[in-house]
Amino acid sequence: MTAGGPPAETPDLGDLMHAAFRRLRHRWSHQLAPFELTPYQFRALGTVGGGGRGHSHDEHERAAEEGLRLKDIAERLRIAPRSATEVIDQLEVKGLVARSPDPSDRRATRIKLTPAGLALRDEVREARRREAGDYFSALSQRDRAELARLLGELVRGQD
């Protein structure tokens with residue numbers, strides 16, 4: 001209760017989380033501009049390069065080494081296969097990914113990062129870490145550790 005007034009409202013956690021993430025995502029979108037990448041293209045680079053949620057480290061390594069089929073990319077990005085094709089086409093034009101025949105299915109192709117794609121993905125990831133570090137610098141080291149712990153619990157609890 002506030003002094004002489006109605007009880008203070010508890011902030012809505014969903015709204016606060018959404019607002020904080022929206023601001024961080026906005027910063028990341030601006031940060032991608034010098035690399036001439038859209039957020040979708042960057043997500044696809046990460047996925048093709050072995051990133052993505054819900055897969056083991058070995059699966060990520062195998063994906064990076066062998067490449068992924070377009071349907072697998074679409075599934076991991078949670079987008080329509082047609083949209084995945086468009087994003088991969090854009091990355092291929094930029095020389096960041098390459099298609100190769102799937103050795104186990106001659107009708108399918110596999111998508112892999114090129115050396116330029118791998119280098120750009122790593123460069124953007126590092127810039128993104130710096131940007132996130134700058135964003136979260138408003139919090140003390142202790143608060144950042146606590147936030148990481150709490151968010152980790154939420155993520156693990158939803159698997």
Side-chain angles (χ1 to χ4, degrees), residues 14-139 141 143-145 147-148 150-152 154-156 158-159:
D15 288 345
L16 287 172
M17 180 68 78
H18 183 72
F21 182 70
R22 191 174 52 234
R23 286 183 180 165
L24 184 59
R25 190 172 58 191
H26 180 75
R27 290 172 73 135
W28 282 339
S29 292
H30 283 287
Q31 177 242 346
L32 287 173
F35 297 103
E36 297 181 0
L37 288 175
T38 67
Y40 288 113
Q41 291 170 345
F42 177 67
R43 286 183 56 221
L45 276 180
T47 298
V48 172
R53 284 180 264 158
H55 297 86
S56 70
H57 179 73
D58 289 342
E59 288 173 312
H60 292 306
E61 291 295 317
R62 190 169 48 252
E65 189 176 307
E66 297 174 2
L68 290 171
R69 292 179 181 185
L70 271 169
K71 71 177 185 108
D72 296 326
I73 295 168
E75 181 181 294
R76 290 181 183 196
L77 292 174
R78 296 182 176 144
I79 61 175
R82 176 178 160 84
S83 298
T85 299
E86 290 175 17
V87 171
I88 294 302
D89 287 348
Q90 294 163 357
L91 293 174
E92 187 175 32
V93 166
K94 294 178 180 193
L96 302 175
V97 299
R99 289 177 163 93
S100 61
D102 186 328
S104 63
D105 181 353
R106 66 181 180 187
R107 298 168 297 165
T109 58
R110 295 219 172 238
I111 313 299
K112 290 175 67 169
L113 291 184
T114 63
L118 182 62
L120 184 62
R121 182 207 60 187
D122 291 347
E123 185 179 352
V124 174
R125 277 185 177 170
E126 183 54 37
R128 202 169 193 186
R129 273 193 277 286
R130 285 192 307 271
E131 186 69 31
D134 182 51
Y135 179 75
F136 289 110
S137 69
L139 301 175
Q141 182 61 38
D143 286 345
R144 285 193 303 263
L147 179 60
L150 292 169
L151 292 173
L154 287 173
V155 169
R156 283 186 300 278
Q158 301 300 315
D159 288 341

If you compare all heavy atoms of [X] against all heavy atoms of [Y], which two are closest, and at what distance to 0.1 Å?
X	Y	value
Arg144	Ser137	NH1-CA, 3.6 Å
Ser29	Pro39	OG-CG, 3.7 Å
Leu32	Val124	CD2-CG1, 3.4 Å
Arg69	Ser104	NH2-OG, 3.6 Å
Gly95	Ala116	O-CB, 3.9 Å
Gly49	Leu113	CA-CD1, 3.5 Å

Under-4.0 Å salt bridge between [X] and [Y]:
X	Y	result
Glu92	Arg99	yes
Arg110	Asp105	no
Arg27	Asp134	yes
Arg128	Glu131	no

If you measure from [atom1] on [X] to [atom2] on [Y], what distance do you get to the nearest 0.5 Å?
X	Y	atom1	atom2	value
Leu96	Leu37	CG	CG	6.5 Å
Thr38	Glu36	OG1	CD	11.5 Å
Glu75	Leu70	CD	CG	12.5 Å
Glu86	Ile79	CD	CD1	9.0 Å
Phe42	Thr47	CZ	OG1	9.5 Å

Main chain of [Y], side chain of [X]: is a donor-acceptor contact present, judged purely on distance under 3.5 Å?
X	Y	value
Arg43	Leu77	yes
Glu126	Glu123	no
Thr109	Pro101	no

Taking the side chain as every heavy atom from C-beta outward, state whether [X] and [Y] have any atom pair closer than 4.5 Å.
X	Y	result
Arg125	Arg129	yes
Met17	Leu151	yes
Ile73	Thr85	no

Open item on the list: Would Val48 and Leu91 count as a side chain to side chain contact (heavy atoms under 4.5 Å, CB included) here? Give the steps.
Closed with: CA-CA 11 Å; Val48 172; Leu91 293 174; 5.9 Å; no

Less than 3.5 Å apart, which donor and acceptor atoms pair up between the side chains of residues 18-25 and the rest of the protein, not counting sequence neighbours?
from  : atom 1 : to    : atom 2 : distance (Å)
His18 : NE2    : Arg22 : NH1    : 3.1

TODO: Answer yes or no: are there more than 12 heavy-atom neighbours, outside Tyr40 itself, under 6.0 Å from its atom OH?
DONE: no

- [ ] Take Asp143 and Phe136 through the test side chain to side chain contact (heavy atoms under 4.5 Å, CB included) and record every step on the way to the result.
- [x] CA-CA 9 Å; Asp143 286 345; Phe136 289 110; over 6 Å; no

Open item on the list: One pair to check against side chain to side chain contact (heavy atoms under 4.5 Å, CB included): Glu66 and Lys112. What are the steps and the verdict?
Closed with: CA-CA 7 Å; Glu66 297 174 2; Lys112 290 175 67 169; over 6 Å; no

